[in-house]
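Read the structure below first, then the notes.
Below, chain A is the first sequence line, B the second, and so on; all start at residue 1. These values consider heavy atoms only, across backbone and side chains, with no hydrogens, waters or symmetry-generated copies.
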Amino acid sequence: MSEEKSLNFIEEIIEEDLKSGKYNSIITRFPPEPNGYLHIGHAKSICLNFGLSKKYGGYTNLRFDDTNPVTEETEYVESIKEDVKWLGFEWKNELFASDYFEQLYAFALTLIRKGLAYVDDSSAEEIAAMKGTPTEPGKDSPFRNRSIEENLQLFEEMRAGKYPDGSRVLRAKIDMASPNMHMRDPVIYRIKHAHHHRTADKWCIYPMYDFAHGQSDSIENVTHSICTLEFIPHRELYEWFINKLEIFPSRQYEFARLNLTYTVMSKRKLLQLVQEKYVESWDDPRMPTISGLRRRGYTPESIRDFCDRIGVAKRENLIDVGLLEFCVREHLNKVALRRMVVFDPLKVVITNYPETQGAEMLVGEDNPEDPASANREIPFGKELYIEREDFMENPPKKFFRLFPGGMVRLKHAYIIKCDEAIKDEAGNITELHCTYIPESKSGSDTSGINVKGTLHWVAVQNAITAEVRLYDRLFQVEDPSSEEGDFKDYINENSLQTVTTAYAEPALKNAKMNERYQFLRKGYFTLDTKDTYARLVFNRTVTLKDTWAKEQKKG
RNA sequence: UGAGCUAUGGUGUAACGGUAGCACUACAGAUUUUGGUUCUGUCUGUCUAGGUUCGAAUCCUAGUAGCUCAACCA
């Protein structure tokens with residue numbers, strides 16, 4: 001029975017560290033910068049970090065990397081916390097890099113005293129020019145050999161606010177000829193007279209990412225600091241600071257970030273979509289943000305399952321969004337309540353159904369996948385709506401739906417036969433006249449008739465109305481970022497289709513925010529969290545698999 | 001054109017010198033009161049060229065391709 005799941009490369013490293021006795025338990029961290037909303041790519045990192053500490057014993061900190069006051073806001077801190085919680089994870093400590101500003105300042109002093117850091121008066125342009133290029137070594141700054149005393153004094157004055165933004169920086173003194181650009185005397189502190197979302201105006205100098213991240217990991221005794229591939233060149237620096245400062249040796253490991261087909265993942269691009277109104281907001285249901293997916297109706301379970309299935313490795317990847325859709329369908333199939341909703345109504349009159357009879361109540365199960373699920377009542381009637389596309393006057397082969405002279409089952413109800421299509425003067429079909437087979441009632445069918453097709457329907461008299469929003473992929477091409485020109489040229493203009501008046505069975509009157517629905521033969525839907533006030537608004541999470549549509553496409 | 005990382009079906013991901021497996025997709029069929037679900041089956045793969053070895057996806061060498069690095073962003 002030991003169906004062992006193979007380990008990813010990070011799990012292998014951890015098991016090695018545990019086996020060798022290097023550690024008894026592990027500490028990881030999820031370190032977002034609070035300058036935007038989390039997306040599905042972050043979910044991969046969250047599942048990895050929290051999953052690892054859960055699996056191997058230990059814990060995960062949530063640490064906000066807030067070293068750049070001009071981009072960061074408390075609003076983002078709150079949304080990030082909400083998203084991590086919603087995904088189902090609990091952090092041990094809620095921390096901020098800004099909590100360590102005093103300590104980081106002390107680390108900087110240590111470096112200066114060791115002759116390993118200096119204040120540089122050069123401008124940003126001058127520093128860039130002296131940096132060299134990947135193929136040519138850089139040049140030493142004229143300020144590189146200042147005395148320790150002078151550096152100490154200048155750095156203290158920087159902190160004291162004596163100098164304007166951009167006038168000086170503190171740099172680590174490493175190697176201007178290093179083949180690794182990040183080792184060419186990187187800037188580690190800059191002057192920014194800016195208000196910080198947590199430390200307010202206490203500081204006017206702020207540490208750079210490289211001088212904050214590794215040390216923060218070290219302060220928290222993070223054993224395995226996991227980040228994405230683009231940080232590989234930073235690792236040498238990460239370790240340099242830890243070595244020179246002689247602090248806890250956290251180690252950095254890098255994995256490939258998630259890319260998904262038919263969307264973009266960079267914060268910059270997502271921001272453009274919001275600012276330029278291609279989408280409504282960060283939590284627009286078409287966005288790959290956690291909040292967008294949540295509003296779309298995705299479940300935390302399905303996102304975790306997805307992150308589990310895509311694996312963790314070091315090679316670049318582009319994952320088919322179809323896998324995400326598979327994951328959410330699989331979960332929703334188990335939990336969604338079945339309901340009938342007609343989007344584009346075609347009236348059916350059952351000519352042999354008694355006029356005087358009140359609403360006959362039929363019974364339908366909430367979820368056939370779940371034997372424990374309840375039933376709901378569905379009123380039947382003489383006049384019904386079916387989906388217009390479920391009727392064809394001249395049907396092609398293998399069309400199992402209604403056509404003149406044809407028979408179908410109305411789900412949970414009776415078998416009907418189409419006798420006549422009524423048209424207006426322009427030749428448009430306005431209604432269908434059908435007859436029903438009284439002894440074919442669901443659950444007590446003695447008619448002996450077998451039909452190929454089963455349609456969803458609602459009774460005209462008892463139908464309630466709702467708005468339904470049908471979402472499709474945001475882009476027309478698999479990888480918008482790799483296409484020629486602006487990625488926005490590839491936006492799918494039809495990513496949102498709104499059905500303002502859909503007809504729903506009355507059970508949906510009591511729809512709840514936390515419930516998921518399967519509109520029979522239509523897809524999975526959930527109540528919109530923003531726009532449902534007096535009226536019902538449903539968002540389509542994902543369609544059902546549709547082999548008929550595929551069949552038709554083939555011609 | 002310096003340095004680093006990476007190459008396994010259409011897409012992901014395993015195989016740790018010994019039968020190339022799993023999932024998604026696609027296709028075919030069975031079941032079905034959702035053209036859903038479920039079940040069964042099929043197709044497709046080790047970047048190239050050399051080498052080491054009884055044996056190479058795995059080790060070595062050389063190519064090739066993709067990605068990353070020259071922010072006072074993270």
Side-chain angles (χ1 to χ4, degrees), chain A residues 5-8 12 31-33 35 65-68 70-72 97 120 122-124 127-129 131-138 165-171 178-182 184 186-192 205-206 208-210 212-213 227 229-236 254 256 261 267 309-327 329-330 333-334 338 340 364 368-369 398-401 408-413 415 440 442-443 445 450-456 478 518-524 543-552:
Chain A
K5 214 187 155 209
S6 57
L7 304 176
N8 66 49
E12 283 179 358
E33 182 187 13
N35 70 343
D65 234 331
D66 56 349
T67 56
N68 185 0
V70 303
T71 59
E72 295 148 7
D120 195 327
S122 309
S123 68
I127 288 176
K131 200 130 206 172
T133 68
T135 51
E136 303 162 63
D165 289 8
S167 60
R168 281 172 230 265
V169 291
L170 184 70
R171 300 177 73 178
S178 171
N180 182 348
M181 298 296 288
H182 293 272
R184 322 246 262 227
V187 171
I188 59 177
Y189 262 94
R190 73 292 214 190
I191 301 171
K192 271 181 198 267
I205 57 170
Y206 292 92
M208 297 288 289
Y209 165 83
D210 285 305
H213 202 100
C227 60
L229 252 28
E230 62 270 28
F231 289 94
I232 289 177
H234 294 255
R235 188 175 60 225
E236 193 180 355
E254 311 87 6
T261 55
K267 260 184 203 171
R309 284 169 187 264
I310 59 179
V312 176
K314 296 191 77 148
R315 65 189 96 105
E316 299 286 336
N317 58 74
L318 178 60
I319 289 170
D320 191 340
V321 71
L323 181 62
L324 217 209
E325 294 174 344
F326 166 82
C327 291
R329 280 193 191 105
E330 188 172 65
N333 178 46
K334 294 194 191 98
R338 313 292 137 124
M340 295 198 285
E369 301 297 313
K398 292 202 262 180
F399 184 81
F400 306 153
R401 284 113 101 142
V408 294
R409 155 81 58 188
L410 294 177
K411 181 74 179 173
H412 300 307
I415 291 173
S440 67
S442 278
D445 185 351
N450 271 320
V451 292
K452 269 272 173 99
T454 301
L455 308 185
H456 63 280
E478 280 203 339
Q518 184 196 101
F519 293 177
L520 249 53
R521 307 206 298 136
K522 285 294 188 185
Y524 293 101
T543 59
L544 257 28
K545 245 177 78 181
D546 191 347
T547 47
W548 170 240
K550 229 183 281 176
E551 186 76 23
Q552 279 177 309

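Within the nucleic acid shown, A:Ser442 comes within 4.0 Å of at least one base atom, counting heavy atoms only. Among the atoms of the strands shown, base atoms are found under 4.0 Å from some heavy atom of A:Ala124. Using a 4.0 Å heavy-atom criterion, one finds that A:Arg338 contacts the bases of the nucleic acid, with or without backbone contacts as well. No contact: A:Thr261 has no heavy atom under 4.0 Å from any strand. Among the heavy atoms of the strands lying under 4.0 Å from A:Val169 is at least one base atom, whether or not backbone atoms are also near. Residue contacts shown for A:Leu318 are limited to sugar-phosphate atoms, with no base heavy atom under 4.0 Å away.
Residue A:Arg190 places at least one side-chain N or O under 4.0 Å from the OP1 or OP2 atom of B:rC73. Between A:Lys131 and B:rA71 there is no side-chain N or O to OP1 or OP2 distance below 4.0 Å.
If you take CZ of A:Arg401 and C1' of B:rG36, they are 12 Å apart, rounded to a whole angstrom. Atom CZ of A:Arg329 is separated from atom P of B:rU37 by 8 Å (rounded to the nearest Å). The distance between atom CZ of A:Arg521 and atom P of B:rG36, rounded to the nearest whole Å, is 11 Å.
One C1' atom belongs to B:rA56, the other to B:rU61, and the distance between them is 15 Å to the nearest Å. Nucleotides B:rA74 and B:rG36, compared at atom C1', are 45 Å apart to the nearest Å. Annotation: B:rA15 and B:rA49 have their C1' atoms spaced 25 Å apart (nearest Å).
With hydrogens and angles ignored, no donor-acceptor pair under 3.5 angstrom links the side chain of A:His182 to the base of B:rA71. You'll find a donor-acceptor pair under 3.5 Å spanning the side chain of A:Gln518 and the base of B:rU34, going by distance alone. One can find a donor-acceptor pair under 3.5 Å joining the base of B:rU33 and the side-chain atoms of A:Arg409.
Under 4.0 Å is where a charged nitrogen must lie from a carboxylate oxygen, and between A:Lys192 and A:Asp165 no such pair does. In this structure, A:Asp445 pairs ionically with A:Arg409, as a charged nitrogen and a carboxylate oxygen lie closer than 4.0 Å. Under 4.0 Å is where a charged nitrogen must lie from a carboxylate oxygen, and between A:Lys267 and A:Glu33 no such pair does.
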List the steps and the verdict of ring pair (Phe, Tyr, Trp, His ring centres under 6.0 Å) for A:His234 and A:Tyr209. CA-CA 10 Å; A:His234 294 255; A:Tyr209 165 83; 5.8 Å; yes
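A:Tyr209 does not qualify as a stacking partner of the B:rA74 base, lacking a centre-to-centre distance under 5.5 Å together with planes within 30°.
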Protein-nucleic acid N or O pairs under 3.5 Å, nucleotides 64-68 of chain B:
{"from": "B:rC67", "atom 1": "O2'", "to": "A:Glu316", "atom 2": "OE2", "distance (Å)": "2.9"}

Output field dot_bracket for RNA chain B (Watson-Crick or G-U, both distances under 3.5 Å, | for other-strand pairs) contains .((((((..((((....[..)))).(((((.......)))))....(((((..]....))))))))))).....
